[in-house]
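Okay, structure first, notes after.
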Amino acid sequence: MTEAQQLDHPRPHPARTILYMIVSFVFRLVQFVLIVVGIAVGVSTAVIWVGFPILLATTSFVRWSGDRERGWAARMLNVPLPPVQRRPYEEGQPLLRRWVTRLSDPTTWRDLAYLMAAFPLACVELGIALASIVLLPMAIWVTPWLGWLHGELALALLGPDRTKRLEQKAQRLQASRARGVDAAEAERRRIERDLHDGAQQRLVAVAMSLGRAKSKFDQDPQAVRDLIDEAHLDAKLAVSELRDLARGIYPAVLGDRGLDAALSAQAAKSPIPVDVSVDVDPRPPAAVETTAYFIVGETLTNIAKHSGATEAGVKVWRTDDHVVVEITDNGHGGAEVRPGGGLAGLADRAATIDGVITVVSPVGGPTVIRADLPCQW
C-alpha cells in the first residue's frame with residue numbers, strides 16, 4: 001500500500017478477517033485481564049511502594065501490546081498503521097522518572113483506550129466470526145465491513161495523533177508537489193521532443209517541397225505537381241501529429257463530453273474487453289477529470305501489455321468530495337508500486353492534486369487499482 005492510504009483503507013479479505021477475530025479474542029482476553037489486574041493491584045498497593053513497580057510493568061505491557069496490535073491489524077486488516085514515535089526518555093534516568101515520562105506520553109493512553117475497548121468488541125466479533133464460518137452470506141458481506149470498522153477504530157486510537165498526522169500530511173504534500181513539478185517538466189520535454197521530431201520536421205519538409213516547386217514552376221509543371229502533392233501529404237501528416245499531440249495534453253472529447261464518453265472511447269481502443277461504469281454527477285473539476293482520464297489510460301495500457309488478463313473493468317463514481325476510480329482485471333496479479341515503475345508514475349500523477357493510489361494485486365490475481373482524487377485541495 002502507498003503512503004497516501006491514510007485517507008482510507010480497503011475492506012480486508014473475509015478469510016483473514018475471520019481468522020483475525022478468532023485469534024484476537026485469546027490475546028484480548030489475556031491483555032484485558034493482565035492490564036485490569038495490574039492497575040487494580042498497583043493502585044491499591046501504591047501506598048506501601050509495592051504498587052509502583054507493578055504499575056510500571058503494566059505500563060510497559062500496555063505499550064508493548066499496542067505495538068503488537070499495530071502490526072497485527074496492519075497485516076490482517078489492511079490498515080496503514082506505521083510504528084509510532086514515542087516520547088523519548090534519557091538512559092540512566094531513575095525508574096520513577098521513566099515511568100512519569102511514559103505516563104505523560106499521549107500514545108500510552110491511546111494504547112490503553114484501544115486495549116480496553118478491544119476486549120468487549122472481541123467478544124462480539126468472536127460470535128460473528130464463528131457464525132461466518134457457517135453462514136456464507138455473513139462471511140462475504142458482514143464480516144469484511146466489521147473488519148473495516150475495527151480497522152478504523154485501530155487507525156483512530158493506534159495511529160499517529162493529530163499533530164503527527166498533520167506533519168505527515170505536510171511532508172506528503174511537499175513530496176507530491178515536488179513530484180508534480182518533476183512530472184510537469186518531463187511532460188514539457190516530451191512535448192518539445194514530439195514537436196521537434198514530428199510536426200516540425202513535417203513542416204520543414206512542406207517548406208522545402210514548396211521551395212523546390214517554386215524554383216521549377218516554369219520549367220517542369222509535372223515535377224511541380226508532384227512536389228505540391230508531396231507537400232500536401234506532409235501538411236496533412238503534420239496536422240495529424242499536432243492533433244495527436246494536443247489529444248495527449250488534453251483530449252477534446254474529455255472537455256466536450258466529460259469522463260463517461262472519454263473513458264468509453266479509451267475502452268473501445270483496448271485490445272481486451274473493458275466494462276466501463278461512470279457516475280460522477282455533478283461534474284468534477286477539469287484537473288480531476290484529466291487525472292482520472294490519464295490514470296485509466298495508462299492502467300489499461302499496462303493491463304494489455306503485462307497482466308495477461310482477458311477482461312477488465314473501469315468503475316468511476318463520486319462521493320461528496322472525492323472522485324473514486326477503480327480499475328480491475330483478471331490477470332495473473334503480482335503488481336506492486338516500485339520506484340520508477342508505471343504504478344509509481346500513476347501515484348505521482350495522482351499526488352499532484354493530493355490524490356492517492358491503492359494497489360491490491362495478490363499473486364494469481366485479480367488486481368484492483370484504486371485512485372481517490374479529491375475535488376477540493
Side-chain angles (χ1 to χ4, degrees), residues 12 16-77 79-131 143 146-168:
R16 295 170 70 91
T17 305
I18 293 172
L19 178 63
Y20 174 84
M21 291 177 177
I22 294 175
V23 175
S24 294
F25 175 78
V26 179
F27 293 118
R28 303 277 164 69
L29 176 61
V30 174
Q31 290 168 353
F32 187 82
V33 171
L34 290 179
I35 291 172
V36 170
V37 171
I39 292 176
V41 173
V43 170
S44 61
T45 58
V47 293
I48 57 174
W49 296 97
V50 175
F52 287 106
I54 297 175
L55 290 174
L56 179 59
T58 303
T59 304
S60 299
F61 179 73
V62 167
R63 292 159 64 95
W64 180 86
S65 298
D67 290 338
R68 301 291 77 75
E69 287 287 346
R70 287 181 183 88
W72 179 233
R75 184 164 56 254
M76 301 298 290
L77 300 180
V79 183
L81 283 171
V84 297
Q85 295 182 350
R86 299 187 184 274
R87 185 170 296 175
Y89 56 84
E90 297 180 2
E91 294 294 336
Q93 279 187 342
L95 202 59
L96 185 59
R97 180 66 62 84
R98 291 190 186 186
W99 181 51
V100 172
T101 302
R102 293 177 180 179
L103 288 180
S104 63
D105 188 350
T107 305
T108 302
W109 295 101
R110 297 172 70 215
D111 290 350
L112 178 62
Y114 174 82
L115 295 171
M116 292 295 97
F119 175 67
L121 285 177
C123 297
V124 177
E125 291 172 349
L126 177 64
I128 294 177
L130 294 176
T143 305
L146 187 60
W148 183 86
L149 290 173
H150 191 117
E152 288 292 296
L153 175 66
L155 190 59
L157 293 178
L158 297 179
D161 58 22
R162 178 178 175 81
T163 301
K164 292 296 182 183
R165 288 199 298 269
L166 291 176
E167 290 178 357
Q168 291 174 356

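Just so you know, residue 1 is the first one in the sequence shown, and it goes up from there.
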Quick one: side chains of residues 123-131, donor-acceptor pairs under 3.5 Å with protein atoms, not counting sequence neighbours, listed by atom name and distance.
{"unit_1": "Glu125", "atom_1": "OE1", "unit_2": "His150", "atom_2": "ND1", "d": "3.4"}
{"unit_1": "Glu125", "atom_1": "OE2", "unit_2": "His150", "atom_2": "ND1", "d": "2.6"}

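Residue Thr107 holds its OG1 atom at 10.0 Å from CG of Leu158, rounded to the nearest 0.5 Å. Distance check, rounded to the nearest 0.5 Å: CG of Leu34 to OG1 of Thr58 gives 8.5 Å. To the nearest 0.5 Å, atoms CH2 (Trp148) and CG (Leu153) are separated by 11.5 Å. Note that OG of Ser44 and CD1 of Ile39 are 11.5 Å apart. Values are rounded to the nearest 0.5 Å. In this structure, CD1 in Ile35 is found 5.5 Å from CZ in Phe61, a value given to the nearest 0.5 Å. With rounding to the nearest 0.5 Å, the separation of CE in Met76 from CG in Leu19 is 4.0 Å.
For Asp111 and Arg70, the salt-bridge test passes: some basic side-chain N is under 4.0 Å from an acidic carboxylate O.
Judged by distance alone, with hydrogens and angles left aside, the side-chain atoms of Arg63 form no donor-acceptor pair with the main-chain N or O of Thr59 at under 3.5 Å. Using a distance-only test at 3.5 Å, with no hydrogens or angles considered, no donor-acceptor pair links the side chain of Ser65 to the main chain of Val62.
When Tyr114, Phe27, Phe32 are each tested for a ring-ring contact (aromatic ring centres under 6.0 Å, His included) with Phe119, only one passes: Phe32.
Within the structure, the salt bridge (charged side-chain N to carboxylate O under 4.0 Å, His left out) test picks out the following pairs touching residues 25-51 (sequence neighbours left out): Arg28-Glu69.
For the pair Gln31 and Leu115, the tightest heavy-atom approach, listed with the atom from each and the gap, is OE1-CD2, 3.3 Å.
Two residues are said to be in side-chain contact when any heavy atoms from C-beta on lie closer than 4.5 Å; Val23 and Trp72 meet this criterion. Using a 4.5 Å heavy-atom cutoff, the side chains of Ile18 and Ile22 are in contact.
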Full working for side-chain contact (heavy atoms from CB on, under 4.5 Å) between Thr143 and Met21: CA-CA 9 Å; Thr143 305; Met21 291 177 177; 4.1 Å; yes

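Every residue two or more places apart in sequence or in another chain was checked for a ring-ring contact (aromatic ring centres under 6.0 Å, His included) with Phe25, and none qualifies.
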